[in-house]
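All remarks here apply to the structure that follows.
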Amino acid sequence: MDMKDLPKAYDAAAVEADIFKQWEESGAFDPDKLAELDPRYKDAKPYCIVLPPPNRTGTLHLGHAKMLAIEDLLIRFHRMLGKKTYWVPGTDHAALATQVKVEQILVKEGIKNPRKDLGREKLLERIDQFVQKSRDTIVEQCKRMGSSMDWKREKYTLDAERNLAVNTVFKMMYEDGLIERGYRVVNWDPTFQTTLSDDEVEHKETQAELVTFTYDKDFPIAISTTRPETKFGDTGVAVHPDDKRYKKFVGKTLTANFCGKQITLKVIADEAVDPKFGTGALGVTPAHSLIDADLAERHGLPMVQVIGQDGKMTSEAGKDFEGLTTIEARKKIVEMLEKQGCVQKKETVPQSLLIAQRGESPVEQLPMRQWFVRVNKSFKLRNNTLGKWKKGDEATLKELMSYAVESKQVKILPENFEKIYFHWVNNLRDWCISRQIWFGHQIPVWYKRFANTTELTFVTHGSTQDNINETYSGDSDLPLAEQGRQEAVKQGELLAGQNFDLVITSDLQRAVETADLTFAGRKVPFVQDARLREIDLGSPITKDMRLEDHVVEPFQGGESCKDVEGRILSFLEDVGEKYPGKKIAIITHMAPQLALEVLINNKSWEEVIRDDWRKQKPKAWQAGWKYVLNDIKLVASDTPGEGWTRDPDTLDTWFSSGLWTFSTLGWPDKEKWAKEREYHPTDVLETGYDILFFWVARMILMSTYVLGEVPFKDVYLHGLVRDEKGRKMSKSIGNVLDPLDLIPKYGTDAVRLSLVMGTSPGMDQKLSEDKIRDFRNFTNKLWNISRYILTSTKSENRNSKLDLSEIKTLPDQWILQRLDIVWRRVTKKIESYEFSTAGDELRDFTWGDLADWYLEISKDKEGKEEILNFILRNLLILWHPFMPFVTEYIWNVAGFGGLLMIKKWPDVLDELEKVIEWDTSSFYKLRDLIVDTRRLRAEQGVEPGKYISGATGSSELAMMSLIKENEETFKKRARLSELIYGEVPDGWPATVSGTIQIGIDVSGTIDTEKEREKIQREVGQTVSYIKSTEAKLKNKEFASKAPEKVVNDMKNKLEEAKAKLKALEDRMKV
RNA sequence: GGACGUUUAGCUCAGUUGGUUAGAGCGUUCGAUUCACAUUCGAAAGGUCGCAGGUUCGAAUCCUGCAACGUCCACCA
């Protein structure tokens, strides 16, 4: 392109698509291809950020745009620094949120009850269609934002690889006893028919009627409630232990006829009751309140469920109420109570209603059988590199989560969020992970149910010599010792009263012999089954062998406990099918028996080994553990085949997102994981503070549990984007700014800048179109600076080397020195996540120093082409992470060669190392002088614009020197000229008429302000810090008052600062 | 009820271990513009740093209390 044809204004809309295509096709987004593009990426250090996967529920908003702008800035910066950058792209299925949204759409389309009318498969199909569309939009939007990630590596929280990770972790946790199925009070959303975690439930302030009443006319204690309909489920009345009014009732069991239902209430005393509230007595409803459930557990009160999953009253509420909604029931109850004269008081009180986070539907608390992650359960650590524990130590998930942040292995920015994090972790309750919706990871648990129940009676074999010695037999097949024979006979006596249809023994000698002795004289058929064998340990083992060491990993080429579990599982399947309804005795060994505990009795290996076997060993020799086999439950990472039914529930979406940092890097596939292992822990997690608990905390939980390491080193929490009045952007207010509208209007670079500049971590940001417009103006400024340089210099000078020893004039030295200082500061600031101030620094340089001063000065002097091109190249490099499109475009137009996005930061600036030697301090004095001149000129009314350009610096200096034609002035002007141009020119430009009096001592400005100011510029506050600290330390009062530790701290820091300063001074001397 | 923030120019915000005269952008006012850029340039005005105490040679910065606003968590049944 001919430089003369460059348009006056930068047209972002016209060039961005092409630029992005160029980047994408180059392969520079792919960390593995970087080395092909530039050899410096060979063996480069990894740098990794996982993209917080946007929900596939629709389109991206400005919050996403902000996230993309910040992360792309970091990625581009580190890529230019020479790191192998991997920005992991992906999207989130968002389980509940998505299903809810699609169901709502379907309802609008006329399908009244999508779940019922379409069924699981069809509904999932519709969701998949929606989700696919959503995904395409999201990818397109990310690209429009200029995000430099490689979508060929796209991951999805619900794809096959992530599913394997989810199932694997579920199984691990199940085996460690961290996941359990329990009957507990959970949050239930009757509208969407699913459970919700504590974090998905919100409180909404409402007014409610607080009714004070007695259960029936004769009941001695009055209670208050806002939810009379739950009172059918009351099983207790709680009072404060010190409350004299009720002391006589404590411990008694009272009955009442509550609106037609006979209820039994135990009066309990508990500290949790506030004697000052209401009547001081509290009706305890264990089934419908988490708080009451805790109370009930402490005092052993039963649970009665009176509200069903449909949100209506159950049969427990009696015939008159069954099937009514809670509101209807409430009204009716109050009426009935009033009729009976039981109501003492009705008042309106503020109450916070539980509602689902999405939508407005109220949430009920009900007891249900659900899956939970137990955060307070201690378990044995597999491998852990956090430092506090070693393999085999015990810890709880909560402890892992706390320690990761406490030890600063995860640093949260801004720091105050650490407190919030700890508070949340400390108050964390078990996490309900099962959801009754269809869209999501189905729980990896399968059941096989049998037509009839089979009863299995476990019979231990008698002792062999090895058993007596307490050594493990390995694969040896010893006969019973004499003691063992006696044991077998004795066992027979113990089982004498019981009849068996069949005896199944393992095929090892000791089991077969035991069968013969124990069941001698009975007419029971015997069957041998090799699957009941003891563990094959490969070879004989010593006494020190421990079962817990090879639960998962096989020992010496033999079997692991898990292998045995597989054998027993297949055995049970056969037994359940072949012998339904029979009573069977099985003679087998220790490990197979533990497997029975695991498979039938729902225990983890860790548990059975630790708790059951050792404690109950004596009992084992007495025979007769019974197992009732009516179904088998199997937790597996893949379907076990036909005849198995899978748990229909799905997992909380955050279970899969919690694995995101490593499930995206190939885990648990050994090969893939090995290849990308180096990227974990990832370098930084950047996201909004609103999902600190939902997501950030759960990633820390999962990563420290599964891998024993933190998921990321830094957490950068950005604030929310709000409208110009500080309100949340919402469709109902109509104040939503859509990135897709803004980008064509102002350009992506302007939108990105507006989201990064003027913001700090954790702080909400007010955004208006005015602000974006200002940054559009700035991109145009950069464009015009470039246009000026490109049109005023020859293209053959674009990449010419700069010989620093040839730079002699003051403005040249000054601008290069400024550039040197600026890039150092910008680098430091980006590294410490101070994007806004980094941008300010750059903008001040670009606009304030370069455009307003240096370019103006350069107009009056030829021969600055190398410097101008040099500065432009570097300016583009420094701005690139902030404004990728316009900088890449200019780089292209200028013909600097190659792709800007993989140019080395700071690359060409390396040669600037030496510029610190120059003394440019007098430039500032001159600048002040010029500004003074302008002001004076304005004040004294020099005819404007006639001889001198309004904005330039150098011509005004010339003017100044001509103001008073006398010897003194001439000297000054000669000196000024020398300073600016490095020489005294032969003649002067333009003649200036008029006279302006100025009295500035130019010579005085030249020799002052040397080393100190220069050092200050480079090291910031160091010099003054040293001075003030030294002064403070010398202060006798301070020294005597301050604690020793403080003084020492200050001394240390002082030494550091001095060393820093000295290093700098040395550098300057070279 | 508990915790955490915020309060600095008309507006949006910087101000990193306390240290010369508290900064920027926008806006306002005045002025300039044959120039790479009117998407420009220059200048000016505008601040008891929320309030009240305290520590210090020195406080926007540290401590205490108060107020307003905001957010999160818990919840009185």
Side-chain angles (χ1 to χ4, degrees), chain A residues 3 6 8-10 198-199 203 208 210 212 223-227 230-231 234 238 272-274 276-285 289-292 295 349-352 354 414 416-420 422-424 427 689-690 692-693 719-720 724 726 746 750 757-760 762-768 770-771 773-792 829 832 834 836-837 840 843-844 847-848 851-852 855-856 859 931 934-935 937-939 944-945 949-952 1020-1021 1024-1025 1027-1029 1031-1032 1035 1037-1038 1041 1049-1050 1053 1057:
Chain A
M3 295 304 158
L6 292 179
K8 275 193 160 195
Y10 169 65
D198 293 345
D199 297 298
H203 299 268
L210 182 72
T212 304
I223 58 155
S224 303
T225 185
T226 51
R227 298 206 59 189
T230 64
K231 299 286 114 183
D234 282 16
V273 180
D274 178 2
K276 289 190 197 83
F277 186 87
T279 61
L282 160 67
V284 185
T285 322
S289 156
L290 279 162
I291 306 294
D292 290 8
L295 213 55
V349 293
Q351 187 208 22
S352 60
L354 285 181
N416 58 287
F417 277 93
E418 289 182 0
K419 274 187 192 169
I420 298 172
F422 288 130
H423 183 258
W424 182 83
N427 292 306
Y689 64 76
D690 50 331
L692 175 66
F693 304 142
L720 272 38
E724 69 264 70
Y746 301 104
M757 303 286 283
T759 70
S760 50
M763 296 287 289
D764 290 354
Q765 171 195 2
K766 290 176 195 166
L767 186 70
S768 61
D770 281 356
K771 189 174 169 188
R773 193 203 59 216
D774 293 339
F775 284 108
R776 192 264 322 269
N777 294 355
F778 180 67
T779 58
N780 194 58
K781 182 71 183 176
L782 184 68
W783 166 252
N784 272 297
I785 288 168
S786 309
R787 188 155 82 100
Y788 169 73
I789 294 177
L790 295 178
T791 49
S792 61
K829 283 179 172 170
S832 53
E834 293 170 73
S836 185
T837 47
D840 282 343
R843 184 173 51 180
D844 290 349
W847 208 317
D852 294 350
L855 291 189
E856 296 302 338
K859 285 174 184 172
V931 171
R934 282 186 190 142
R935 205 188 60 239
R937 187 193 56 198
E939 280 167 8
S949 77
T952 61
Q1021 298 291 317
S1024 56
Y1025 173 77
K1027 276 186 183 171
S1028 66
T1029 310
K1032 189 137 197 174
N1035 183 314
E1037 207 182 14
F1038 173 80
K1041 275 182 189 168
D1049 268 13
M1050 285 177 74
K1053 283 180 183 171

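Throughout, a chain's letter reflects where its sequence line sits, starting with A, and its residues are numbered from 1. Note: hydrogens, waters and symmetry copies are ignored here, and every other heavy atom, side chains too, is used.
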Of the nucleotides [options], which one has an atom closest to the side chain of [X]?
{"X": "A:Tyr689", "options": "B:U71, B:C26, B:C75", "value": "B:U71"}
{"X": "A:Phe277", "options": "B:C75, B:G25, B:A77", "value": "B:A77"}
{"X": "A:Arg773", "options": "B:A77, B:U39, B:G27", "value": "B:G27"}

Classify [X] by what it touches in the nucleic acid, base, sugar-phosphate, or nothing, heavy-atom distance under 4.0 Å.
{"X": "A:Ile291", "result": "sugar-phosphate"}
{"X": "A:Asp840", "result": "nothing"}
{"X": "A:Ser792", "result": "nothing"}
{"X": "A:Ser352", "result": "base"}
{"X": "A:Ser760", "result": "sugar-phosphate"}

Self-check item: Set of residues satisfying salt bridge (charged side-chain N to carboxylate O under 4.0 Å, His left out) with respect to A:Asp198, sequence neighbours excluded
Solution: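 For A:Asp198 the salt bridge (charged side-chain N to carboxylate O under 4.0 Å, His left out) partners, ignoring immediate neighbours, are A:Arg429.
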
Practice problem: Could you tell me whether A:Lys771 and A:Asp774 make a salt bridge, using a distance below 4.0 angstrom between a side-chain N and a carboxylate O? | Solution: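 Result for this pair is no, no salt bridge flagged.
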
Practice problem: Examine the base of B:C37 for any acceptor or donor lying under 3.5 Å from a partner atom in the side chain of A:Lys781, and report the outcome as yes or no. | Solution: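 Looking at the base of B:C37, it does pair with a donor or acceptor on the side chain of A:Lys781 (distance under 3.5 Å).
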
Quiz item: Quick one: does A:His203 reach the base of B:C75 with a side-chain donor-acceptor pair under 3.5 Å?
Solution: yes

Quiz item: Atom CG of A:Asp852 to atom C1' of B:A32: distance rounded to whole Å?
Solution: 14 Å

Quiz item: Taking OH from A:Tyr746 and P from B:U39, how many angstroms apart are they, rounded to a whole number?
Solution: 13 Å

What nitrogen or oxygen pairs link the protein and nucleotides 1-12 of chain B at under 3.5 Å?
unit_1 : atom_1 : unit_2   : atom_2 : d
B:C4   : O2'    : A:Asn416 : ND2    : 3.2
B:U12  : OP1    : A:Lys766 : NZ     : 3.3

Exercise. Could you tell me which nucleotide pairs with B:G23 by Watson-Crick or G-U wobble geometry, both distances under 3.5 Å, or answer none if nothing does?
Key: B:C13

Quiz prompt | Watson-Crick or G-U wobble mate for B:A43, both contacts under 3.5 Å | solution = B:U29

